[in-house]
Structure formats: C-alpha cells, structure tokens
J.: 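Structure below; questions to follow.
Read the numbers this way: they start at 1 and go in the same order the structure lists the ligands and their atoms.
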Amino acid sequence: MQMKRTALSLVMIALAFTASTCTTERPADEVVIGLNPSERSENVQKNADVLARLISERSGLKVKIFVAQDYSGLVEALRGQTIDFAFFAPVSYVFAERIAGARVLLKAERKGKPYYYGCIVVNADSSYRTLADLKGRNIAWVDPTSASGHIFPKAALVEAGIDPEKFFAKQTFAGGHDAVLLSVINGTISAGATYANDTAGEDGSWTQLGKGAFKGRIRPIFYSPPIPGDNLATTQHLIDTRPEIVRKIRDAVAGLTDNPAGKQLMQQMYHVDAMIPAASADYDPVRRAADLLKLDITGKIGGSGGAAVPAAGPTSGTAQESGQEPGEARNELISTVAFIAFAILGAAFLVFQTIRERRTRGPHGTAAPFNGIAAPSAGVAAPSAGQAAAHAMAGMQNVTVREPVPPPAGNVQFSVRNLSVLYPDKEGRSVRALTDVDLEIAAGEFVAVIGLSGAGKSTLLRCLNRMNQPAAGAIFFEGREITYAQGSELAAIRRRIGFVFQQFNLVKNVSVMKNVLGGRLAHISWLDSMLGRFPKKDRDIALRYIREVGLAEKAQSRAANLSGGQQQRVAIARALAQQPSVILADEPMASLDPKLAEIVLGMLRRFNREEGITVIVNLHVLELARNYADRIIALRAGEVVFDGPPAELSEEAVERIYHTDAEELRAG
Ligand code: ADP
Ligand code: MG
C-alpha cells in the first residue's frame with residue numbers, strides 16, 4: 001500500500017514537473033484568471049461569466065475564468081500555468097508566492113481600508129464577555145489556512161500568552177465562515193473565529209453572510225491585529241514574458257469598481273469596494289503570524305485533502321466533533337516528502353537552466369564575485385543598506401486605469417507616463433512618494449532635478465533604472481517599455497545607464513583601476529568575471545576614463561586613500577566605463593565642498609557635450625542647477641511643479657518649489 005502510494009506520488013511529481021516546465025500554448029490575447037468561491041454559492045458560475053466579460057471589455061483581451069475547488073487548486077493551477085492570474089486570500093497568497101512564484105498586483109479595499117481583522121465571536125445571548133470567559137470551552141475555527149478564521153486570531157492569542165491547546169477544551173474546523181456562525185448561533189459550540197471589517201462590532205461576516213440571518217445574533221469579543229486584504233496576483237514568469245498583458249489585466253481589475261455593474265459584482269463576490277496597489281511586503285504580517293504558529297503551510301498545499309479542511313467539513317454546515325481520519329497523517333507525510341522531492345528537482349532544473357542560459361547568452365551584469373569582493377553590478381554600485389531596503393520594496397506593483405500607452409517616438413530617451421510610487425509606512429499603509437509624473441527626456445539633454453529634501457528626486461531617478469518599482473504608470477527607455485523589466489532584460493538596460501551615488505559607493509579597499517573595471521563587468525564573459533579577469537580592451541577603456549577624470553597617477557591607489565572629490569571622480573569614471581547612453585547622478589556633490597561640486601558637475605557637462613551622454617542629475621542647490629543644466633525639473637511633494645529651461649525659472653516658481661511655512665514643517 002505504502003509502496004503504491006509512493007509510486008503514485010512519484011508519477012504525480014513527474015507529471016507536475018513536466019507540466020510546470022512546459023509553457024501552456026495559448027492565444028497571445030487570451031488570459032485565464034483563477035478564483036475560488038469565497039462562500040458556497042450557486043451564483044459562482046454566473047458571477048464568473050460577468051467578471052470575464054467586464055475584464056475583457058476593459059482590457060481588450062479574451063478572458064476566461066477558472067473556478068478552483070479550493071486554494072491549493074488555485075496555487076497548483078498558477079504553478080502549472082493553467083491560469084495566468086488569481087484572486088487569493090492572504091495566506092494562500094503567501095503559499096503561492098513561495099511555491100508558484102506568485103506576485104501580488106492589487107489588494108482589496110473595504111470601507112476605505114486595505115485590511116480586515118480576525119475576531120472571536122460568541123452567541124449574542126450568551127454570558128461570555130471576555131476571552132477569559134472562554135477558558136475550558138470549545139472553539140470553531142474556519143479552516144487551517146484561513147487568515148481571519150484561524151491564523152490571525154490564534155497567533156494573537158499566542159502573543160497574548162494563551163496556549164490555545166490548553167486554553168480551549170476542544171478546537172474544531174468548521175469549514176467556512178457561515179458554518180462557524182451557524183455553530184455559534186445553534187449553540188453547538190461556545191465560540192468561533194471569523195472575519196470583521198472593523199473593531200467596533202458593526203461589520204463582519206455576521207452582517208455580510210447568510211442574507212441577514214446572522215445579524216444581531218453574534219457578538220465579537222476579541223480582535224486580531226489587521227490582516228492585509230485578499231488580492232489579485234500573477235506570476236513572475238508572466239511579468240517577465242508578457243508585461244503588457246499584466247498591465248492590461250491589472251488596470252482592468254483596478255477599474256472594475258468604477259462602473260456600477262463592476263461595483264455590484266465585486267461587492268457580491270468579495271464584498272470589496274476597490275482594488276488598490278499592493279506590495280509583497282504588505283503580506284509580512286501574514287508571514288509573521290504563520291511563523292508564530294509554526295504553520296507548515298507548504299505541507300498543506302501538497303496535502304491530499306485540498307486546502308486541508310479536516311473534520312466537520314463544509315457539507316455538515318456546522319462544527320461539532322473533530323478528529324483526524326486514520327491515514328491522514330501518513331498521507332500528509334507522503335505529500336510532504338513528494339513536495340520536497342519536487343522542490344529539489346525544480347531547483348536542480350533551475351540551476352541547469354541558468355547555466356545553460358549563461359553559456360548561450362553570457363552574463364548580463366548580475367553581481368559577480370570580483371576577486372573575492374562583492375563587486376558592483378552593471379550600472380549600479382554595490383548597494384548600501386538604504387538601497388537594500390528599496391530593493392526589498394521592489395515587489396511593489398501597480399494600478400491605474402488607462403488606455404494602453406504607445407511607446408514614444410524620435411530621440412526620446414526616457415518617457416515617464418503617469419508615474420506613481422508608493423512606500424509603506426510603519427503601519428503598512430501606502431504613502432505616495434511620486435504622483436502622476438509625466439516626463440519626456442530627449443537623448444543628449446542635461447537635466448537637473450531640484451526640490452526640497454523628501455520631494456521625490458531620488459525616487460524618480462531610481463525608477464529610471466528600475467531600482468525602484470513604480471506603483472502605477474509606465475516607463476519607457478529608448479523606445480521600449482521597462483516598467484516590468486526583470487532579469488537579463490533589466491541587466492541589459494542597466495548596462496546602458498550609469499548611476500552615480502551621493503556616497504560614491506566604491507569598493508574602498510581595492511584600487512581605483514579595479515573599481516573602474518567594475519563598470520566593464522557587464523561587458524565581459526561570465527568566466528572572466530568569475531575569475532576577475534579583464535581583457536586588454538576593457539582595461540584600456542577603464543584607463544582612458546581614469547585619465548579623463550584626471551586620476552591617471554592614482555590608478556593603482558586604494559580607493560579609500562583618495563579624497564572625497566577624487567572618489568566621486570572614480571565613481572564617474574566607473575559609470576563612464578560602462579559606456580552608457582545615460583548617466584543618472586543622485587546629488588553627486590552633496591558630500592563635497594562647493595568648489596569640488598563645480599568640478600564634478602563640469603565633468604558631467606563635458607561628457608554630456610563631448611560624448612552626447614544624457615545626464616540627469618539631482619541637485620538641491622538651485623544655483624548649480626541654473627549654471628549647468630539645459631533644463632530644470634522641479635518636484636514638490638512628489639509632483640512636478642516646474643519643467644523648463646533655467647531662464648524661465650521665475651522667483652515665483654522658486655517660491656513654489658522651496659517655500660515652507662511653519663505650519664507645513666510641523667505637519668511634516
Ligand atoms: P528626495 O530624494 O527628493 O529627498 P526621496 O525620493 O528620497 O526624496 O523621498 C521621497 C519621499 O518618499 C519622502 O517622503 C521619503 O521619506 C519617502 N521615502 C523614500 N524612500 C523610502 C523608503 N525606502 N521607505 C519609505 N519611505 C521612503
Ligand atoms: Mg534624495
């Protein structure tokens with residue numbers, strides 16, 4: 001029996017493996033969106049048809065809807081590329097991210113909030129008022145993977161020092177929110193866990209489900225911390241291979257609630273008011289809660305019983321007794337082993353693919369070891385802690401409802417359309433760093449970006465080489481959309497964009513020459529970069545730029561022994577050695593005294609004039625911008641407030657850009 005099961009598992013692994021490595025051939029304009037009915041309902045298919053039609057109308061794509069049996073089915077479908085997008089609940093999204101390379105695009109907003117709560121409810125007629133009253137009683141959870149109906153309230157109990165295993169006499173899984181409510185109302189169980197939309201007891205599953213039958217009969221007595229909402233996700237694969245499709249579907253879904261039919265549908269299906277931008281980091285609280293409970297979430301996915309709803313399942317309608325089917329534990333073990341085997345096979349395959357890709361295409365400037373020192377990758381100097389934080393945010397994705405944008409024409413180098421960037425604040429709410437920025441920058445321009453500290457200058461610059469991921473809008477570089485560029489495509493773009501940082505970001509304990517050679521890394525073979533070996537041609541190029549910035553005698557000196565001004569010149573030489581078409585410089589002279597600042601800017605202007613390199617430089621000193629730039633773009637609180645030649649920058653405009661009054665300072 002055991003043997004048979006194992007053999008079967010192996011066949012399944014092989015099949016799953018084949019399925020996941022072959023791309024499902026589908027017409028280029030057709031997408032499949034997966035969903036899971038949030039409650040049992042005859043209307044699912046009817047709703048699905050309407051959803052497909054609405055998304056199709058807005059996106060101009062053929063849209064099919066796949067209704068999965070449960071969330072594990074949804075994750076599997078995404079992994080096997082049977083579906084391209086999926087509506088996930090928060091916990092299943094976290095699974096899907098780990099297992100299927102899912103990437104969140106939009107999250108649900110209800111009553112103006114992008115989160116909801118888990119809560120513990122009792123019968124309104126009961127005498128239970130506080131958690132303590134529930135000691136020694138029975139509780140029904142929704143199912144093991146339910147964020148609000150299990151994981152969050154349970155984790156909150158654990159954090160409050162309560163061990164649910166000892167505290168409750170018995171724990172059951174009821175299978176659904178409605179089933180939990182029914183059990184509590186029928187009195188077959190003392191308490192249950194479910195979702196709430198506020199912490200005032202006014203709005204939750206009991207007001208939204210059961211056509212009003214639960215209203216007034218339920219009393220919440222305990223709330224979990226906020227839970228990030230359900231979401232729309234796609235896969236990294238699709239983002240890499242069909243970014244325009246991702247953008248169309250994202251925009252279509254974000255725009256669904258703009259019209260009455262869509263609004264009604266989203267209410268009916270998910271009780272959602274709007275779908276708004278989301279980042280992977282928004283789901284950190286879910287990961288934390290899962291960790292706190294030591295939840296083996298991946299094991300559940302491979303499980304034989306779908307989303308692992310044991311005991312009183314949905315068919316019973318209410319929660320009563322709990323108990324594991326004999327053999328269930330063993331099934332789970334086999335599935336876990338199968339899953340691990342699958343993961344190992346998958347990893348081996350990925351390694352094989354990567355090696356093959358490298359062999360055929362060579363490296364594209366991914367950070368490679370450089371004489372044992374982590375060297376800067378193409379166009380980007382070694383990341384600082386701040387940048388690492390920004391990288392962690394790179395999962396942040398977009399929403400806007402807009403017609404597809406045609407690529408710019410002529411000698412436009414950068415085109416930025418309706419660009420918005422969001423950062424999460426400490427509470428996980430999104431704050432805007434840039435709002436609807438529209439810009440076109442022509443090849444060969446020398447542009448200064450000015451504005452107060454915090455205006456969004458760095459954010460804008462970092463979007464241009466995609467160190468920051470925009471939340472909305474589109475970025476074009478040399479006629480190609482790069483909003484979603486990833487992997488080798490992104491590396492190829494960065495090879496053409498030099499970046500100069502305020503803090504130079506040099507490798508301090510190696511020579512000037514080696515630092516500048518860092519700019520050639522993306523141009524040499526993978527093997528050479530591994531061995532830290534640079535062909536003569538590349539060494540000549542590096543030396544040429546070291547001379548150009550006036551540091552010929554310092555070529556063999558350690559970077560650390562140079563003055564600040566000299567270090568910034570090394571950083572410029574490194575950017576130039578990339579032979580980029582653009583140099584982006586983020587306040588390159590902020591750490592230098594005024595005279596050195598002029599030298600650095602003069603140097604950038606020379607390369608702009610002589611080599612036709614486009615220069616975009618962030619400056620906070622207005623005078624420098626006036627003296628060196630052909631064009632000034634001013635930002636204030638994330639919006640463009642001036643764009644024109646220095647001569648047109650009136651006193652009034654300057655006031656608009658820099659004025660702060662006491663009121664504002666206090667608020668900010
Ligand atoms: P500037 O370069 O003009 O000083 P930035 O682009 O650095 O402005 O910042 C714009 C806004 O975004 C500021 O309010 C800043 O606090 C915020 N911000 C920048 N980076 C982050 C980040 N990694 N996390 C959260 N907020 C950020
Ligand atoms: Mg800055």
J.: Between Asp438 (side chain only) and Asn418 (backbone N and O only), is there a donor and an acceptor less than 3.5 Å apart?
T.: yes
J.: For Lys113 and Asn197, work out which heavy atoms get closest and say how close.
T.: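 Result for this residue pair: NZ-O, 3.3 Å.
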J.: Do the rings of Phe499 and Phe501 sit parallel, tilted or perpendicular, given the 30° and 60° boundaries?
T.: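 Rings of Phe499 and Phe501: tilted, as their planes differ by 30° to 60°.
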J.: Look at the N, O or S atoms of Thr459, main chain and side chain alike, and state whether any lies under 2.8 Å from the Mg ion (ligand 2).
T.: no
J.: Between Glu445 and Thr614, is any side-chain donor less than 3.5 angstrom from a side-chain acceptor?
T.: no
J.: Quick one about Glu652 and Ser650 (side-chain donor to acceptor, distance below 3.5 Å, no hydrogens or angles considered), yes or no?
T.: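 Glu652 and Ser650 do not have a side-chain donor-acceptor pair below 3.5 Å.
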J.: Is there a heavy atom in Gly451 that sits closer than 4.0 Å to ligand 1?
T.: no
J.: So if I count the atoms of ligand 1 from 1 in the order they appear, which ones are less than 4.0 Å from some heavy atom of Gly454?
T.: 1 (P), 3 (O), 4 (O), 8 (O), 10 (C), 11 (C), 13 (C), 14 (O)
J.: Where on Leu452 is there a heavy atom closer than 4.0 Å to ligand 1, on the side chain, on the backbone, on both, or on neither?
T.: backbone
J.: Would Glu97 and Arg287 count as a salt bridge (Lys or Arg N to Asp or Glu O under 4.0 Å) if you check the C-alpha gap in whole Å, the side-chain angles of each, and the deciding distance to 0.1 Å?
T.: CA-CA 11 Å; Glu97 202 181 65; Arg287 297 182 188 101; 2.7 Å; yes
J.: Tell me whether the rings of Tyr117 and Tyr223 are parallel (<30°), tilted (30 to 60°) or perpendicular (>60°).
T.: perpendicular
J.: Suppose I only count heavy atoms of Ser453 and a 4.0 Å limit; which atoms of ligand 1 are within that range?
T.: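 Answer for ligand 1: 4 (O).
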J.: Pull out every atom of ligand 1 sitting under 4.0 Å from any heavy atom of Thr459, numbered as shown with elements.
T.: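 Listed by number with element, the hits are 5 (P), 6 (O), 9 (O), 10 (C).
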J.: Show me which atoms of ligand 1 lie under 4.0 Å from any heavy atom of Ser458.
T.: 1 (P), 2 (O), 6 (O), 7 (O)
J.: Look only at interatomic distance and state if Glu587 has a nitrogen or oxygen under 3.5 Å from any nitrogen or oxygen of ligand 1.
T.: no
J.: Can you check whether Ala433 has an N/O within less than 3.5 Å of an N/O in ligand 1?
T.: no
